[in-house]
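This report refers to the structure that appears directly beneath it.
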Amino acid sequence: MESRNRYLIALVLLVAAAIYIPTLLAPPHLMDDVDAVQAQIARNMLDSGDWVSARLDGVLYLEKSPLKYWMMACSYAIFGVHDWAARLPVVLSILALAALIFCMGRWAFSELAGFYAALAFSTCIGLFLFTRILIPDIILTGTIALALWGLLRALDEKEEHPRLWAAIMAVAMGVGLLLKGLIALVFPVAAGVCYLLFSGLFFQWKTWQRLRPFSGTLLILLVAAPWHILATLANPPYFDFSMTSGPGNYRGFFWFYFFNEHILRFLNRRWPRDYNTVPRYLFWLFHLLWFFPWSIYLPRLVKFNYRGAGRAERMRLLCLCWIGFILIFFTFSTTQEYYSMPTYPAFALLIGCAMAERSNYARHATKVLAVVSGLAFAAIVFILVNVWNLPTPGDISQALTQNPDMYTLSLGHMGDLTLKSFAYLKLPLVLAGLAFLCGTIVTLRYRERMTHYGLALMMVLFLNAARVAMKTFDPYLSSQPIAARLTSAPPGLVIFGDQYYNFSSVFFYANLKQALLLNGRYNNLEYGSYAPGAPNVFVDDAQLRAYWHAPQRAYLILEGPKLPAIESLLGKQDLHLVLESGGKYLFVNQQP
């Protein structure tokens with residue numbers, strides 16, 4: 001039996017590795033915006049030795065907890081500063097979470113259910129989409145899953161080490177606090193309280209004896225409090241409890257982190273408002289897409305028993321509370337597509353339970369999948385026929401539209417696609433077509449495990465096709481070519497034609513310690529720019545003109561839509577093009 005466990009978990013990890021190990025190198029370069037921002041903060045911490053206060057371009061960046069930066073910085077210290085080293089903690093966290101889900105499913109349901117749960121998690125679309133950028137949500141998801149499993153294990157009458165599992169629950173929440181703030185505590189506590197109320201355990205004294213809330217609180221504080229205290233002391237004023245937010249006010253770390261980033265963000269009153277929100281109905285319905293193809297098993301969950309003293313019933317009830325609280329929480333707040341990632345293990349466990357069940361439902365459900373995958377295959381063939389002979393000059397940016405109003409959503413760039421842009425994506429389209437053809441074949445005739453294995457293979461092919469497609473988008477999403485040219489050019493003053501985020505990959509790949517930002521004092525660096533002693537890295541049009549016409553060499557990097565205004569401001573004859581890549585331009589003020 002133990003050898004079978006090792007075989008199944010090894011198979012899950014092999015499937016997950018086939019999808020996510022290649023993502024260490026593709027997309028080949030860190031993307032502008034959040035992706036390169038996170039990597040650069042970690043680099044700044046390693047270089048400066050200040051592991052308490054994050055900075056970008058020398059400006060305080062107090063929005064986020066630091067553990068993800070520490071993990072990347074440690075990866076740099078071991079392997080060197082590389083983009084793949086920045087991605088390594090995320091990839092390892094995915095593999096670890098897949099193993100954890102397998103263990104949770106095996107403990108609660110069966111080996112097969114645990115295997116299917118981990119397989120569904122590892123191969124779903126949402127996990128792939130929302131781990132292509134260096135955000136901590138997948139690591140946070142692991143701490144929440146571990147904390148809630150610790151809850152069940154601590155309450156299990158047959159558990160030999162309830163005190164250990166209660167401690168694991170507390171430590172997991174403490175680690176989560178260092179990843180993404182208070183939600184790491186709120187989510188497992190609220191889901192756990194809902195579970196205890198619905199199961200009737202909340203008012204039983206032995207429940208709290210086993211969960212040990214007082215010693216657990218001390219463990220949480222032992223893990224999470226030191227950084228919060230140090231960050232507060234390092235960035236005064238120490239305490240401000242104002243519930244108003246606006247430009248021009250600097251109130252230290254405590255107010256910005258706890259009030260602005262947590263309370264006011266939830267109330268949609270946070271400043272600066274550099275985020276958008278997904279319509280609530282789409283936020284819920286998108287989970288059918290995020291868990292494709294396994295979401296076809298979700299309707300089966302209405303037939304399950306969620307009441308009882310068995311492990312299976314308790315786990316199913318906990319998953320229901322887990323999913324329900326998080327989705328309802330974000331229904332009343334601002335929402336991004338990836339905010340529900342902490343529910344993914346719960347969805348996966350319920351789906352795995354349904355997949356392992358021998359019923360006619362699975363046979364009928366796969367017929368629906370056969371239709372869906374067949375239609376997807378036909379759509380891909382149609383696109384290929386229409387774009388096969390289209391020319392592909394330059395890079396893919398030539399065939400994309402721009403919708404900057406959508407870029408505050410995590411999938412905002414999807415709206416940039418045009419039919420012509422698919423001409424640049426022929427190879428990934430072929431791979432995706434083969435994937436859906438495989439899915440159609442294995443679902444036409446249901447054979448339980450072989451069908452599930454075939455669907456997993458379909459997703460491995462499809463997600464690798466998406467990875468190959470992202471390589472084509474590299475010049476559009478990353479400014480690495482500009483960084484490379486800047487690095488090889490003679491030294492000079494570097495000025496960016498907008499806010500930091502738009503060109504963050506240049507900072508990383510050119511190893512820029514500081515540069516000037518034209519009219520870029522807004523969004524993420526605005527608050528820190530008002531801190532005492534903040535560097536003056538923001539310039540206006542008049543200052544840019546002075547720098548540009550001074551004797552010293554200066555470089556200007558900007559996006560295409562800004563070009564007409566800059567030509568009018570500086571004079572087209574004084575803009576000497578060094579490189580154009582992905583719709584971004586590198587100019588110098590002297591003849592190259």
Side-chain angles (χ1 to χ4, degrees), residues 8 11-12 15-16 19 98 101-102 104-106 108-129 281-282 284-306 312-313 315-316 319-320 322-324 327 340 343-380 432-463:
L8 290 176
L11 186 56
V12 163
V15 170
I19 296 170
I101 290 171
F102 171 83
M104 293 174 69
R106 181 186 63 182
F109 308 125
S110 66
E111 288 178 343
L112 192 60
F115 171 71
Y116 284 149
L119 194 68
F121 170 80
S122 301
T123 58
C124 70
I125 288 178
L127 181 67
F128 180 86
L129 281 177
Y281 73 96
L282 288 179
W284 285 70
L285 289 177
F286 270 157
H287 291 84
L288 298 176
L289 175 61
W290 304 154
F291 268 92
F292 176 85
W294 317 108
S295 51
I296 195 68
Y297 292 100
L298 287 175
R300 184 63 183 171
L301 303 185
V302 299
K303 296 291 186 179
F304 285 161
N305 180 19
Y306 297 90
E313 291 80 10
M315 179 63 85
R316 284 195 286 261
C319 288
L320 214 59
W322 183 349
I323 294 168
L327 294 189
S340 66
T343 67
Y344 285 15
F347 273 114
L349 287 164
L350 293 175
I351 288 171
C353 192
M355 291 171 66
E357 182 190 41
R358 294 183 179 275
S359 68
N360 288 327
Y361 176 83
R363 188 181 303 277
H364 297 309
T366 54
K367 301 301 181 185
V368 176
L369 281 179
V371 174
V372 172
S373 56
L375 290 174
F377 173 71
I380 290 171
L434 290 174
F436 284 116
L437 179 61
C438 170
T440 305
I441 293 171
V442 299
T443 51
L444 282 174
R445 186 175 181 183
Y446 179 73
R447 292 183 179 178
E448 195 176 334
R449 293 193 186 184
M450 292 306 298
T451 297
H452 295 151
Y453 291 162
L455 287 172
L457 175 61
M458 176 186 80
M459 295 309 297
V460 170
L461 289 173
F462 176 70
L463 295 178

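Note that these values count all heavy atoms, side chains included, but never hydrogens, waters or copies made by symmetry. Positions are given from 1 along the sequence. Worth saying up front: this structure is predicted, and the values here are computed from it rather than measured.
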Can you tell me how far apart [atom1] ([X]) and [atom2] ([Y]) are? Round to the nearest 0.5 Å.
X	Y	atom1	atom2	value
F115	H452	CZ	NE2	10.0 Å
L129	L463	CG	CG	8.0 Å
M315	W322	CE	CH2	7.0 Å
L298	L350	CG	CG	8.0 Å
T443	M458	OG1	CE	8.0 Å
I125	L289	CD1	CG	5.0 Å

Would you call the rings of [X] and [Y] parallel, tilted or perpendicular, where under 30° means parallel and over 60° means perpendicular?
X	Y	result
Y344	H287	perpendicular
F436	F292	tilted
F286	W290	tilted

Just by modelled atom types, is the V442 backbone N or O under 3.5 Å from a matching donor or acceptor in the T451 side chain?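 Such a contact is found between T451 side chain and V442 backbone.
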
Give a yes or no on whether the backbone of I323 and the side-chain of T343 come within a donor-acceptor separation of less than 3.5 Å.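 Between the backbone of I323 and the side chain of T343 there is no qualifying donor-acceptor contact (under 3.5 Å).
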
Determine whether F128 and M459 satisfy the following criterion, side-chain contact (heavy atoms from CB on, under 4.5 Å), listing intermediate values before the conclusion. CA-CA 10 Å; F128 180 86; M459 295 309 297; over 6 Å; no

side-chain contact (heavy atoms from CB on, under 4.5 Å) for L369 and W294? Distances and angles first, verdict last. CA-CA 9 Å; L369 281 179; W294 317 108; over 6 Å; no

Considering all heavy atoms of both residues, which atom of [X] and which atom of [Y] are nearest to each other, and what is their separation?
X	Y	answer
L301	A354	CD2-CB, 4.3 Å
C438	G454	SG-O, 3.9 Å
F109	L349	CE1-O, 3.7 Å
F121	A348	CB-CB, 3.8 Å
A118	A98	CB-O, 3.4 Å
K367	Y446	NZ-N, 4.5 Å

Is there a side-chain contact between V460 and V15 (heavy atoms, below 4.5 Å)?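 Sidechains of V15 and V460: in contact.
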
